[in-house]
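Throughout, a chain's letter reflects where its sequence line sits, starting with A, and its residues are numbered from 1.
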2 protein chains.
Amino acid sequence: MAYIEHGLAMTGARASAARTESLVADGHKSDIESTWHAFSHSARVRTQRLDQHSVVFYEGDTANRVFEVIDGAVMLYKLLPDGRRQVVDVIGANDVFGLPRGLTHDCNAETLTKVTLRVFDRKDTETRVEVQGHINRCLMAQVEKLHDHAVLLGRKSAFERVASFLFRCIPDCKTDDCDGSGVHKCSSSNMITLTMTRQEIADYLGLTIETVSRVISEFRRKGLISLEKQDHIRINSLCGLCRMTGAH
Amino acid sequence: MAYIEHGLAMTGARASAARTESLVADGHKSDIESTWHAFSHSARVRTQRLDQHSVVFYEGDTANRVFEVIDGAVMLYKLLPDGRRQVVDVIGANDVFGLPRGLTHDCNAETLTKVTLRVFDRKDTETRVEVQGHINRCLMAQVEKLHDHAVLLGRKSAFERVASFLFRCIPDCKTDDCDGSGVHKCSSSNMITLTMTRQEIADYLGLTIETVSRVISEFRRKGLISLEKQDHIRINSLCGLCRMTGAH
DNA sequence: CGCCGTTTTGACACTTCTCAACTTACGTGG
DNA sequence: CCACGTAAGTTGAGAAGTGTCAAAACGGCG
């Protein structure tokens, strides 16, 4: 399986830029070049590496490829005409994105980290059974994640949103692991490395950058977390944070 | 194909009740009784009718059936432990629901109207290819709808949310039909019959019942809409309302 | 006709946003 | 290696939007 390095990655529509510029459908060039290679079962599949902050596709682009994240994270977001942005999903390893209802993508896709993707021809996803089953499971998981996120956006306070977000970032640890008893089952290092900027977090949580910053500072003052660096957060009280998510 | 009338439908967890009572996983009884009938291709399928405000399933219930709406509307919602509710989706005709990532349902399902459902055995949806393709398309559409709803919940004002909601309720009319020119392509009657109570609308839009009421009153004062009855709304200015959705 | 649940309206409180200034972190070039 | 410039993040004060609580109005149904 050939890895295709390409040095074309330009810095895509960044957070700050996205706030002010409204991106219109035409005249865009995503950071993915189409160099297809034959694959097993006569399907066209390839693996692709992208730098951080690369654009995979724009809203409105014709959707003829489907992507699976092998490694790294991809952010999906939508823009309102006046520049307001909402990050609608963050796609991690083993998850799929770029599946449209119609002919075009409904949102923009941008890498949050260095990313390795598996790229499928869209037609194959519609004809090959084993791929369909996989996509099906990914879509169901995505729907559930979006349901949870709707609860977060519609009903949770800023504190609860940030706490939920930080929790989500702890590797191998879910809110379900906490039963409110004060003892956590997960034994991770409780060390988070954020791949998103404050602006991206804010746009994901439906808040402003200032509110996110204030809440994180407040958590720090309360001793729940410590900031080793701006994007390196240590969770001091897993249960203390968990109690603030609103899920218990 | 046999329609099975059943008179067992009790009034499920209603909006007001759901606000105060937290629903725990055990001891529930949904309004659907399992009477399976043999169907073509050796799959177990049946058609079922339910009254308004019937419970299809609860969050945490074992998910061994998948549902397709033939006629009517079903509401999916989640509850936080303190009673806050978020309606995560409203499922209309030809759409599918009850597809879980794991073994149990991630949300509650309740009918908004009299509903006719087609009920599948879950195993069939995993093995039969023609069903998978259909489910796949439904899931993709659902993901896009949830993306849109995330934008609404995360980035739109109360006015924009209610305007977007009313627009969504106009049959055969989408926000895309409006280009801001003042002329609307869709030629519907501009008459809406709401199937949701104010509480349900509020829980769908991430607002309070009072805010929803106030916004509707304000739209009425501005002449954008008229209320023939509380749940019968006439849209006087389609474009005026459209301009308030934030989508243009 | 009167009751009860839903909706509307009002006054006020509180959360979050906005705007502005300041601080910190990071990369470049001297 | 340090100084500088720029971008990112933090903090503060005030404004705006939405929530909360309470009361009144409305609508459906016995």
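Here D/dA7 presents its P atom at 14 Å from NE2 of A/H53, a figure rounded to the nearest Å. Rounded to whole angstrom, the span from the NZ atom of A/K156 across to the P atom of D/dG19 amounts to 17 Å. Atom CG of A/L194 is separated from atom C1' of D/dG9 by 13 Å (rounded to the nearest Å). Atoms CD (A/Q199) and C1' (D/dG9) sit 11 Å apart, rounded to a whole Å. Rounded to whole Å, the distance from CG on B/D231 to P on D/dC26 is 17 Å. Taking atom CZ of A/R161 as the reference point, atom C1' of C/dT16 lies 9 Å away to the nearest angstrom. For A/E210 and D/dA8, the CD to C1' distance is 12 Å, given to the nearest whole Å. For B/I233 and C/dT7, the CD1 to P distance is 11 Å, given to the nearest whole Å.
The side chain of A/S213 lies closest to D/dG9 when the candidates are D/dT18, C/dT16, D/dG9. When distances run from any side-chain atom of B/I209 to the nucleotides C/dT7, D/dG9, D/dG19, the shortest one goes to C/dT7. Among the nucleotides D/dG9, C/dT18, C/dC26, the one closest to the side chain of A/T197 is D/dG9. Side-chain proximity of A/T208 to C/dT18, C/dT9, D/dG9: nearest is C/dT18.
A donor-acceptor pair shorter than 3.5 Å cannot be found between the side chains of B/Q86 and B/Y77. A donor-acceptor pair shorter than 3.5 Å cannot be found between the side chains of B/D51 and B/T111. Under the 3.5 Å distance criterion, with hydrogens and angles disregarded, a donor-acceptor pair is assigned to the side chains of A/N236 and A/S226. Side-chain atoms of B/H147 and A/D106 include a donor-acceptor pair closer than 3.5 Å.
For A/A158 and A/K229, each mapped to the nucleotide of DNA chain C holding its nearest heavy atom, the one lying further toward the 5' end belongs to A/A158.
Closest of all the heavy-atom pairs between B/L224 and B/M244 is CD1-SD, 3.7 Å. Contact record, A/A109 with A/L76: CB-CD2, 3.6 Å, taken as the closest heavy-atom pair.
Dashed line: the shortest gap from a side-chain N or O of B/T211 to OP1 or OP2 of D/dG19 is under 4.0 Å.
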State the dot-bracket string of DNA chain D. Criteria: Watson-Crick or G-U wobble, both atom distances under 3.5 angstrom; notation: ( ) intrastrand, [ ] crossing earlier pairs, | interstrand, . unpaired.
||||||||||||||||||||||||||||||
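A salt bridge links B/D203 with A/R155: the closest approach of a Lys/Arg side-chain nitrogen to an acidic carboxylate oxygen falls below 4.0 angstrom.
Looking at B/Q230, its side chain has no donor and acceptor atom pair within 3.5 Å of the base of D/dC26. Side-chain atoms of B/R214 and base atoms of D/dT20 include a donor and an acceptor less than 3.5 Å apart.
For A/F219 and A/F159, the gap between ring centers is short of 6.0 Å.
B/D148 pairs by the salt bridge (charged side-chain N to carboxylate O under 4.0 Å, His left out) definition with A/K78, not counting sequence neighbours.
The aromatic rings of A/F165 and A/Y204 sit perpendicular to each other, their planes meeting at more than 60°, with 30° as the lower class boundary.
Residues from residues 216-226 of chain A with heavy atoms under 4.0 angstrom of DNA chain D, sorted by number: A/S217, A/R220, A/R221.
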